[in-house]
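What you see is a predicted model, and the numbers here were worked out from it, not measured in a lab.
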Amino acid sequence: MESRCSSSADSRLTARGLASINTTPICARVESYEAGEKKCISDVRRTFCLFVTFDLLFITLLWIIELNLNGGIEKQLNIEVLHYNYRDSFFDIFLLAVFRFATLILAYAVCKLRHWWAIAITTAVSCAFLIVKVILSKLLSQGAFGYLLPIVSFVLAWIETWLLDFKVLPQENEDENRYLSIMDATERAPLMGPGPLSDGQFYSPPESVADSDEELDDKHDPEKGLIQQVT
């Protein structure tokens with residue numbers, strides 16, 4: 001009787017241990033995702049915002065180099081900014097980079113949008129403006145920067161579109177779907193877990209009376225037991 005009770009208790013502990021083992025990895029994944037959600041911004045979105053910042057800084061650096069090469073920064077600022085001319089000024093390309101930076105950071109870092117309409121607007125405006133400027137302006141006659149600034153601005157705008165549409169949004173949607181599937185699994189885990197085991201599942205039949213009588217006879221008559229073992 002004592003062995004039966006101890007075996008049933010051990011089986012219950014084993015079942016509880018298996019249930020806890022099964023639910024532990026799921027809980028760990030849920031906690032890790034919730035810890036990531038507590039961040040202000042996801043890692044892939046932060047990378048996108050860093051690239052948008054790089055776009056603005058790189059265009060600004062190229063423009064400052066162009067100003068310095070063409071007679072000094074103060075003189076060229078007076079010509080390109082105060083006396084702005086659409087046909088031979090690079091100032092509007094710098095303002096286009098500022099427009100992309102302000103719109104994308106506001107949309108995807110501050111407002112945390114999960115749609116492509118903001119990047120579509122900035123890319124469309126950048127492409128249309130640069131194409132028209134290259135056709136109508138005299139930038140191509142102003143040396144290497146007449147080619148470099150429009151091309152770099154055009155390429156950076158499309159890289160930003162690629163990053164958001166093929167990296168940021170799909171990765172965040174995948175993380176959200178994984179989180180929902182984990183939460184669904186945790187809700188179903190208690191229903192699918194093993195229940196308490198009854199004593200009847202580990203019932204062992206009692207010894208028969210005949211077997212017990214034979215054992216008693218063997219104890220009282222050791223020679224008979226020895227003969228049976230030899231035969």
Show me the side-chain donor-acceptor pairs of residues 148-159 shorter than 3.5 Å, one per line, residues at least two apart or across chains.
from   : atom 1 : to     : atom 2 : distance (Å)
Ser153 : OG     : Arg100 : NH1    : 3.2
Ser153 : OG     : Arg100 : NH2    : 3.3

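- Annotation: the span from Leu164 atom CG to Leu113 atom CG amounts to 9.5 Å, rounded to 0.5 Å.
- At distances below 3.5 Å, not a single donor-acceptor pair connects side-chain atoms of Lys112 with backbone N or O atoms of Ile41.
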Validation: residues 67-74 side-chain donor-acceptor distances under 3.5 Å, sequence neighbours left out:
from  : atom 1 : to    : atom 2 : distance (Å)
Asn70 : ND2    : Glu66 : O      : 3.2
Asn70 : ND2    : Glu66 : OE2    : 2.6

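- Asp88 and Gln142 make their closest contact through CB-NE2, 3.0 Å (heavy atoms, listed as atom of the first residue, atom of the second, distance).
- Listed by chain and number, the residues in a ring pair (Phe, Tyr, Trp, His ring centres under 6.0 Å) with Phe90 amount to none (sequence neighbours excluded).
- By the side-chain contact (heavy atoms from CB on, under 4.5 Å) test, Ala102 is found to be paired with no residue, residues two or more places apart in sequence or in another chain being considered.
- Take Thr123 and apply the side chain to side chain donor-acceptor pair (under 3.5 Å) test, not counting sequence neighbours, and it matches Thr161.
- In this structure, the side chain of Tyr108 does not engage the main chain of Cys49 through any donor-acceptor pair within 3.5 Å.
- Summarising the geometry of Arg45 relative to Arg114, their closest heavy-atom pair is NH2-CG, 3.7 Å, with the distance given to 0.1 Å.
- Leu50 and Ile105 fall into different hydrophobic clusters, where Ile, Leu, Val, Met, Phe, Trp and Tyr side chains are chained together by heavy-atom contacts under 4.5 Å.
- Shown here are the ring pair (Phe, Tyr, Trp, His ring centres under 6.0 Å) partners of Phe94, two or more places apart in sequence or in another chain: Trp63.
- Under the 4.5 Å side-chain heavy-atom criterion for Ile, Leu, Val, Met, Phe, Trp and Tyr, Ile79 and Leu82 are members of distinct hydrophobic clusters.
- The side chain to side chain donor-acceptor pair (under 3.5 Å) search around Tyr84 returns Asp92, not counting sequence neighbours.
- Asp55 CG to Thr60 OG1: the interatomic distance, rounded to the nearest 0.5 Å, is 9.0 Å.
- Contacts of Gln171 classified as side chain to side chain donor-acceptor pair (under 3.5 Å), with partners at least two apart in sequence or in another chain: Asp175.
- The ring pair (Phe, Tyr, Trp, His ring centres under 6.0 Å) search around Phe51 returns Phe54, not counting sequence neighbours.
- Here CD1 of Ile59 is found 12.0 Å from CG of Leu95. Values are rounded to the nearest 0.5 Å.
- Within the 4.5 Å cutoff, no side-chain heavy atoms of Ile121 are placed close to those of Thr103.
- Residue pairs meeting the salt bridge (Lys or Arg N to Asp or Glu O under 4.0 Å) criterion with at least one member in residues 134-148, sequence neighbours excluded, do not occur.
- The minimum heavy-atom distance linking Phe48 with Ile119 is given by the pair CZ-CD1, 4.1 Å.
- The CD1 atom of Ile93 sits 5.5 Å away from atom CG of Leu139, with the distance rounded to the nearest 0.5 Å.
- Leu106 belongs to a hydrophobic cluster with Val110, counting contacts under 4.5 Å between side-chain heavy atoms of Ile, Leu, Val, Met, Phe, Trp and Tyr, direct or through other members.
- Every residue meeting the side-chain contact (heavy atoms from CB on, under 4.5 Å) condition with Lys167, not counting sequence neighbours, appears here in chain and number order: Val44, Trp162, Leu163.
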